[in-house]
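Taking it in order: structure first as structure tokens, then the write-up.
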Amino acid sequence: MRVCVLASGSRGNATYVEGGGVRLLIDAGLSCRALEKRLAEAGLAPDGLDAILVTHEHADHVAGLDRFARKHAVTVYANEGTAAVVERQCRLARREPPDFAVFESRVPFALGGLTVTPVRVSHDTAEPVAYTLAEQTGHTLGYFTDLGFVSDEAAAALAACEALVLESNHDPRMLRASGRPYPLIARIAGQSGHLSNDQACEALATLRPPRLRRLVLAHLSQECNDPAVARAQMARTLRAIGRDDLAQTLAVAAQDTPTPPFDL
Ligand SMILES: [Zn+2]
Ligand SMILES: [Zn+2]
């Protein structure tokens, strides 16, 4: 399996995955043109993609979804809750909604040789999910962003992954000192908001995913986080649980440039 986080953060999210004979995107939160450009920067062709998996309907995950899917004839996968809201959003903006292949949350489905499992997460949208993608060989990628906390369901899915794209949204101290209005701070830090650096570290320290070989921190806030701070805190956590190997290859996904692709 090959993975490349094309963009990550509150201004747009998209990740490219190739495996089990299929090529897909998780989320399409950049404009169609920006997404094409980002794929080209990563040396990837925008045509011939088999699927776009949607996590939830926030603009930073679906901004280019309808245009990109239509232009490049890609099937869009979402659960009923998310599909319904995206359709409504498109109609309000007088744009043609994409055709959805609708799945049920928690029910694994096949996409070529990949088994996709939509994992329910807590976030302030209709029916948000994270994903695990498993190849028949057993290689498993987890994509967990936009979750307020790590539920038991999410923890069980996380613990089985070999590679993880994991939200490390904000430093709680920087968030509190950000000068943002209190309701916004409460939303971000709350149970339906975003995972903090502390929460991401705590998840790793508690779960100690035994098969994990690659970790990418994702969806970092530009104002309330610092990639160096998030990286250092996670590296310390990984060393403390005896995973120097993970600390050494730890990556932090960026808003404006794709991460170097890695293979599982
Ligand atoms: Zn969101
Ligand atoms: Zn988001």
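Read the numbers this way: they start at 1 and go in the same order the structure lists the ligands and their atoms.
- By the 4.0 Å N-to-carboxylate-O rule, E127 lies too far from R120 to be salt-bridged with it.
- Because the distance cut-off is set at 2.8 Å, H56 qualifies as a neighbour of the Zn ion (ligand 1) through one of its N, O or S atoms.
- Remark: at the Zn ion (ligand 2), atom OD2 from D146 and atom NE2 from H219 enclose 100°, rounded to the nearest 10 degrees.
- The aromatic ring centres of F109 and Y77 sit less than 6.0 Å apart.
- Within the 4.5 Å cutoff, no side-chain heavy atoms of V3 are placed close to those of Y16.
- At a cut-off of 2.8 Å, H58 coordinates the Zn ion (ligand 1) through an N, O or S atom.
- Taking the Zn ion (ligand 2) as the corner point, the angle from H61 atom NE2 to D60 atom OD2 is about 90° (rounded to 10 degrees).
- Taking the side chain as every heavy atom from C-beta outward, S178 and I185 approach each other to under 4.5 Å.
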